[in-house]
Amino acid sequence: MAYASIAVSELSEDQAKAELARLASEIAHHDALYHAKDAPEISDADYDALKRRNDAIEAQFPQLLRTDSPSQRVGAAPAGIFSQVTHARPMLSLDNTFSDEDVSDFVASVYRFLGVIPDNSIAFTAEPKIDGLSMSIRYENRKLVTAATRGDGTTGENVTANILTIKEIPTELPSDAPDVVEVRGEVYMAKSDFLALNAEMEAQGKQTYVNPRNTAAGSLRQLDPKVTASRKLKFFAYAWGEMADMPADSQWGMVEVFKRWGFPVNPLTRRLTSVEDIISHYREIGLQRADLDYDIDGVVYKVDRLDLQARLGFRSRSPRWATAHKFPAEQAFTKVEAIDIQVGRTGALTPVARLEPITVGGVVVTNATLHNADYIEGIGNGGERIRPEGHDIRIGDTVIVQRAGDVIPQVLDVVLEKRPEGAVKYEFPKACPVCGSHAVREKNEKTGKLDSVTRCTGGFVCSAQAKEHIKHFVSRNAFDIEGLGTKQVDFFFESTDELMNIRTAPDIFTLKQRQERSLAKLENIDGFGRVSVRKLFDAIDARREIALNRFIFALGIRHVGETTAKLLARSYGSYNAFATAMQEAAPKFGEAWNELNSIDGIGEVVAASIVEFFNEPRNMDVVSRLLQEVTPLDAEALAASNSPVAGKTVVFTGSLERFTRDEAKARAESLGAKVAGSVSKKTDYLVAGPGAGSKLDKAREVGVTVMTEDEWLALIEG
Ligand code: IVH
């Protein structure tokens, strides 16, 4: 509580860090009370204030963002929201082995326990250890009834609705399957799907996910199964829980049965008898590891015969009949040949280490991100020394590289003994390497601390920012112009021919016209051709009318991702209403400013960034040229106009009993209603559950229609 009374703008970085920790645990505590026990301790308004304070501190100190931050839990379930499932048979874990010697010890221990002379008579299955989440799927009378996470091994969470969205998992079993079946296995996200998702997040200016495993876990903990469905999760079956009848007498046989029932099973599974064969299969899988489209972290060996498994039994947490032979962490030594600076759409200067190409776990690594100036210096987000000794990174240094989560290469440490003589400290540029404008680390006015990101101040003058903006503008969730990929944008941007180039977004829409006047035709240029040029012009023309939310997102306003753009479109309805309000909000007080801030999901930092964008003449110049070419469609027209709540503004307060708040919000929005976070004269309905406090008082005061959850349901269900 120490710093709870200090205004956000007054907090030092250390205080902010402590405050974020306090807020994370306090908000989690209230979430638990609210959702699991339905007994909130504080009013909605006080809860909202905690969340707002958390958001404001994060906006001020983005480098302090915690992985367990309440702001990162949007749409995900707070702990305890899924119902609990007690596993009919506990879900156990595996013992780990690390060396060839450990493996022969394991095999020897099996023979010893069973009192058999080691004569290669016992078969073992060897299969990849999938780096995902274990899941138990229960079928009763051949119908899928529940799916539960492992949890603590005894009790897991009921995620049935989400598992039903995984197409690879059958919802029905064939008629010869026993009456009760529990199939267990691993839910995972393919590396390719993970990379595609991250590319999309990046295009939207959103934070990317760390690795496929965490993303799969987060995807399963979504309240809205549609979100889970969009994440394309996959499954491998390899074990079982309760079975009314055993359809096979070996591990191998069981997996064959699962396959026949329609479950995906891992094709790299083998049945082997000698330690030599087991180890050579382990090596073989290790070699293939990088090429597999899913992450694995070892190979699991299991005694094949189920009667022997039964005799071997369990230790407290793991079976005696199985072990996981883990792969060593993938690391390698290489040299930093250069440090390059990339300039992003918002001007952030990101240093990248160019490495002497090196194979890490089968993948050739040539670059590693160095994040920011502090990271190179050996300083972490909280000002602490990073890497074991906190060494700085210099050009010419030999470094240890690791592929984190098998995807993004990182520089783990510097081998100081190998530092070449005369290697000098890397000096982070003070000017943008692309446009030469000053590059600054924004300073927090109040605390005097520097932001970790160095930014080019050139704005539209900086060609790197301008080019990145065009890439964002044409990306999938913005204007989505097919035929304008990275390569084409580079080409058009760099062209010096005024009848062929694209330097700002409006140029995209005048390209065809300019080409008609030009002798230098695009279709004669390598890589284009008549058909593709025509297709490109068609694709551009098809976007002359565009949904308002896409239009707003495409503008590339800092902090305005896809979700915020949707909120803005829904709240203001038309481009004109939106732009006018943003101009009116310029003084950052008054009605227009308050209205912007009252939108549920828009905090002060985001609001300020939008208002600043609309009050910068250079931005408005580009936007007005753009508006001569394209028409943003009113958002209202997109809403379900026959719904009784279309266009209405609704606020939910108190503890809802019929649905979670996220569900209530999603449902209202799908019917064309706007969901606001606070009550104002513009609010149409306040839906109040038990425990409603200040919002209810305010609604009564300003004469807003107040209804119960049941009345709201009656209204929307007509
Ligand atoms: S067998 C009683 N097989 O690893 C043993 N587990 O460290 C049941 N895992 O919780 C597990 N791939 O989530 C088994 N082919 C595989 C596996 C596998 C991944 C996971 C599973 C388990 C954890 C144990």
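As the structure lists them, so they are numbered: ligands from 1, and atoms in each ligand from 1.
- The shortest heavy-atom distance from P128 to ligand 1 is under 4.0 Å.
- At the shortest separation from atom 24 (C) of ligand 1 among protein heavy atoms lies L94 N, 3.5 Å.
- Y301 meets the ring pair (Phe, Tyr, Trp, His ring centres under 6.0 Å) test with H325; sequence neighbours excluded.
- Scanning W240, Y238, Y301 for the heavy atom closest to atom 18 (C) of ligand 1 points to Y238.
- E186 OE1, 2.9 Å is the protein heavy atom nearest to atom 13 (O) of ligand 1.
- Under a 4.0 Å criterion applied to the non-hydrogen atoms of S134, ligand 1 contributes the atoms 10 (O), 13 (O), 21 (C).
- Checked against ring pair (Phe, Tyr, Trp, His ring centres under 6.0 Å), Y238 has no partners two or more places apart in sequence or in another chain.
- Protein heavy atom in closest approach to atom 12 (N) of ligand 1: I130 N, 3.0 Å.
- Distance check, rounded to the nearest 0.5 Å: CD of E242 to CD of E140 gives 8.5 Å.
- At least one heavy atom of K302 sits under 4.0 Å from some atom of ligand 1.
- Taking 4.0 Å as the cut-off, A322 does not count as a neighbour of ligand 1 on heavy-atom distance.
- When hydrogens are left out, the protein atom nearest atom 23 (C) of ligand 1 is K129 NZ, 3.9 Å; that is the closest non-hydrogen contact.
- Contact of the F106 side chain with the W321 side chain is not registered, since no non-hydrogen atoms from C-beta on lie closer than 4.5 Å.
- Between the side chains of Q402 and Q331, at least one donor-acceptor pair of N or O atoms lies under 3.5 Å.
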>> Evaluate S250 against R305 for side chain to side chain donor-acceptor pair (under 3.5 Å), listing each step before the verdict.
In response: CA-CA 4 Å; S250 65; R305 272 172 53 182; over 6 Å; no
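- Geometrically, R387 engages Y375 in a cation-pi contact defined by less than 6.0 Å to the ring centre and at most 45° from the axis.
- If you look at F236 and Y188, their ring centroids are closer than 6.0 Å.
- Residue, atom and distance of the protein heavy atom nearest to atom 8 (C) of ligand 1 are L92 O, 4.3 Å.
- Atom 2 (C) of ligand 1 has its closest protein heavy atom at P319 CG, 3.7 Å.
- Among protein heavy atoms, atom 15 (N) of ligand 1 sits closest to E127 OE1, 3.0 Å.
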